[in-house]
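Sharing a structure below in structure tokens format, with a few things to ask.
Residue numbers start from 1 in every chain, and the chains themselves are labelled A, B, ... in the order their sequence lines are given, proteins ahead of strands. Owing to the predicted nature of the structure, the values given are computational and were not obtained by experimental measurement.
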Protein chains: 2
Amino acid sequence: MDNTFIRIAKNELERFVCEVFIASGLDEDDAAVIARHLVLADLRGVDSHGVSRVQIYTRRLELGLVNKKLEPQVERESASSLLLNGKNASGILLATKGIQMAVQKAKQTGVAIVGINQSNHCGMLADYTMYAAKNDCIALASTNAPPNMAPWGGMERFFGTNPFSYGIPVGQGMDIIFDMATSVVARGKIILAKKNNQQIPLGWAISKEGKPTTTPSEALDGLVLPVGGPKGYGITFLVETLSSLFTGAAFGPYIPDLYKDLTRPQNIGQCFIVMRADLFQGLDEFKNRMVQIIQEIREVKPMEGVDRIYLPGEIEMEKAMERERNGIPLSPEILNELEEVGRRYGIKPGLFKNIG
Amino acid sequence: MDNTFIRIAKNELERFVCEVFIASGLDEDDAAVIARHLVLADLRGVDSHGVSRVQIYTRRLELGLVNKKLEPQVERESASSLLLNGKNASGILLATKGIQMAVQKAKQTGVAIVGINQSNHCGMLADYTMYAAKNDCIALASTNAPPNMAPWGGMERFFGTNPFSYGIPVGQGMDIIFDMATSVVARGKIILAKKNNQQIPLGWAISKEGKPTTTPSEALDGLVLPVGGPKGYGITFLVETLSSLFTGAAFGPYIPDLYKDLTRPQNIGQCFIVMRADLFQGLDEFKNRMVQIIQEIREVKPMEGVDRIYLPGEIEMEKAMERERNGIPLSPEILNELEEVGRRYGIKPGLFKNIG
């Protein structure tokens, strides 16, 4: 890590972000939910979905592109399903509410599905599947996103890097939380390569002329590629279907860019499928089996050059523990951005002490 | 295709396979289900899961490793969920029953989940998600398999090439049916490369010493790699959890090989998650939106060197139509195998006419 990064204590950062969202017009409780979410993303090392989003989120709230009030409307409901019209509130608030409702219903009926339309960027999906896992449920979560990826073989933006996430309860701090974009890599990695004057590997992206490229700037003007080619394309298509076609939200090409289109709401969709982990056997029995497979995976002999075998999502979990102790490293650029946002709302800068 | 392949009419092949399974001790109806399933796989070009399995399936039935009677026991049931103990019957029969029950329940409650333990190799998952889609349901299907893949970074067999499939109803012969192994490629492709004295691309497999290899024989003695590295590993882990840890079936390393271990049952698991496509909007509305996205995907400009943009699973669908017309091409090796199995049961060979 660049030594110009400054380590900020988690609570300090969360308090600042919360104040900013209160100042931008959100209810205190809602601001706290968003602050906790963004800082959690940074804790887990998913910096692309952390406080680096404060500026654009507040900007869209200010411009009325995102509704400051959380007033979703239940459009359809049954014992095991619910469709929420998000009424263009914060995606993080809507998804937080959505997963809570899905877990509540699954507790009653065994399995439940919650869809959200008229929603917005909901941050890091892992937060929602983590909640379900803490509540002894297995959860699958999906959201769609503005177009940055072509259907396999194509050269026009169509699908977002549509992420999906799952959570599996194990307990004892060992819940398995996995969260992936369906592109080969996040665009953030290409941006980073550009900053560092590095080439990117062939297969990450194509230029806007539709040609394979190793040049980051060509890749950023072009398209990212789905992970595993047609396989990632197939998964992206499923994520799109569940998140938007099924829920009534806008799909791929109809979603305006979060940053570049400040004229209209996004109408993004989310979908949560949640089931009780003890649906088919006792909860202890299920968790004991999970502990067993985890232990056996850890004992697998690593390949040459590999230190140890990680579980899905384990790197993020360990990073969260490390950053909880040592603070969250923020770049000078992000610090400037945050201080600027703070000034706009009269929240005095100089809040940030380097604890690193 | 090799010109020694012979084109067999679909109905002819299905009738032969059905007779074989009746002769091996299955009920007529059950034999018909298996015959239809295997021939459907060949129709779709998934030859690795087609009639090339007749020999091993009948062998395991003969040896009592698979129960000839379909007598599953309901271990748990609620309005929206069901756990089936397969009592070691044919995986194809159990999965066929499982998806029917899942669709029936989803029709009542909106969303349902069916798990199966004490099951066997269930063939091609696409058959089950196709059934759900025909019944206007969206379905996710998973099964685990004998170990051929290491957890990411490891060099010991642990996970199967755990496939998952989904089906989305569109109607008008346009249902989207996607089915993928979570490995980079099927082992069958490596076997083919070996036969053709070709190298395989780096990244498909590692040798048993844990080193990347381009030599097919080293790859076959070694391990296939998950698609997209840690991403495919994450998906494999989910498929394993839903199929086995959640249902009570055996997981990865505890599943004996279909071919090499003829001493004990496999105790494989399957899991089906099914939801009505009209849960959140009218069925016509949902299908119209699917038709719209399909049309728009087809209009995306292809990359240099690409003829057209396919939908997920469309190649298999088109192959099925072509083979329905022109017959299913079988290699001399598979023909010999089938004729040998036929002779064992007194079903006279010479059934096969080349219609190509």
request  = Heavy atoms only, distances under 4.5 angstrom: which of A/Thr247, A/Ile176, A/Asn117, A/Asp307 has the most pairs with chain B? Name it, please.
outcome  = A/Ile176
query = Between OG of B/Ser81 and CE of A/Met275, what distance do you get to the nearest 0.5 Å?
reply = 11.0 Å
query = NZ of B/Lys107: more than 12 outside heavy atoms within 6.0 angstrom?
reply = yes
request  = Heavy-atom distances under 4.5 Å only: say whether A/Ser244 touches chain B with side chain, backbone, both or neither.
outcome  = backbone
ask   = Should A/Ile309 and B/Phe158 be marked as a side chain to side chain contact (heavy atoms under 4.5 Å, CB included) after you check the CA-CA gap, both sets of side-chain angles, and the distance that decides it?
value = CA-CA 12 Å; A/Ile309 310 292; B/Phe158 196 95; over 6 Å; no
message = Rounded at 0.5 Å granularity, tell me how far CD in A/Gln292 sits from CZ in B/Phe251.
response = 4.0 Å
note = Answer key: most heavy-atom pairs under 4.5 Å with chain B among A/Gly115, A/Gly305, A/Gly153, A/Gly229 is A/Gly153
query = Could you give the distance from CD (A/Glu296) to CD (B/Glu156), rounded to the nearest 0.5 Å?
reply = 11.0 Å
Side chain / backbone / both / neither for A/Glu314 at chain B, heavy atoms under 4.5 Å = neither
request  = Taking the side chain as every heavy atom from C-beta outward, state whether B/Leu83 and A/Leu279 have any pair of such atoms under 4.5 Å apart.
outcome  = no
query = Side chain, backbone, both or neither: which part of B/Ala112 has a heavy atom under 4.5 Å from chain A?
reply = backbone
ask   = Among A/Asp278, A/Thr182, A/Ile138, A/Thr241, who wins on heavy-atom pairs under 4.5 Å with chain B?
value = A/Thr241
query = Among B/Ile273, B/Leu140, B/Leu82, which residue forms the greatest number of heavy-atom pairs with chain A at distances under 4.5 Å?
reply = B/Leu82
request  = Select, from B/Gly232, B/Gly234, B/Pro302, the one with the greatest count of heavy-atom pairs under 4.5 Å involving chain A.
outcome  = B/Gly234
message = Please report the interatomic distance CD1(A/Ile297) to CZ(B/Phe159), rounded to the nearest 0.5 Å.
response = 3.5 Å
ask   = Just how far is it from atom CD1 of A/Ile113 to atom CZ of B/Arg276, taken to the nearest 0.5 Å?
value = 12.5 Å
key: chain B contacts, top residue of A/Phe237, A/Phe286, A/Phe164, A/Trp152 (heavy-atom pairs, under 4.5 Å)   = A/Phe237
message = Rounded at 0.5 Å granularity, tell me how far CD in B/Glu75 sits from CD in A/Gln281.
response = 10.0 Å
ask   = Looking only at atom types and distance, does a side-chain atom of A/Lys231 sit under 3.5 Å from a main-chain N or O of B/Ser183, one as donor and one as acceptor?
value = yes
key: Crowding at CD, B/Glu304 (>12 non-hydrogen neighbours, <6.0 Å)   = no
request  = Tell me whether the centres of the aromatic rings in B/Phe246 and A/Phe280 are closer together than 6.0 Å.
outcome  = yes
request  = Below 4.5 Å from any heavy atom of chain B, which atoms of A/Ala79 appear? Answer side chain, backbone, both or neither.
outcome  = neither
key: Close side-chain approach of B/Leu311 to A/Tyr233, heavy-atom, < 4.5 Å   = yes
note = Looking only at A/Val111, A/Val306, A/Leu245, A/Val227, most heavy-atom pairs under 4.5 Å shared with chain B are made by A/Leu245
Sorted by number, residues from residues 203-213 of chain A in contact with chain B (heavy atoms, under 4.5 Å) = A/Ile206, A/Gly210, A/Lys211
note = Looking only at A/Gly228, A/Ser78, A/Ser80, most heavy-atom pairs under 4.5 Å shared with chain B are made by A/Ser80
inquiry  = Evaluate B/Ile235 against A/Tyr166 for side chain to side chain contact (heavy atoms under 4.5 Å, CB included), listing each step before the verdict.
reply    = CA-CA 9 Å; B/Ile235 299 171; A/Tyr166 65 77; 5.9 Å; no
Side chain, backbone, both or neither of A/Pro230 within contact of chain B (heavy atoms, under 4.5 Å) = backbone
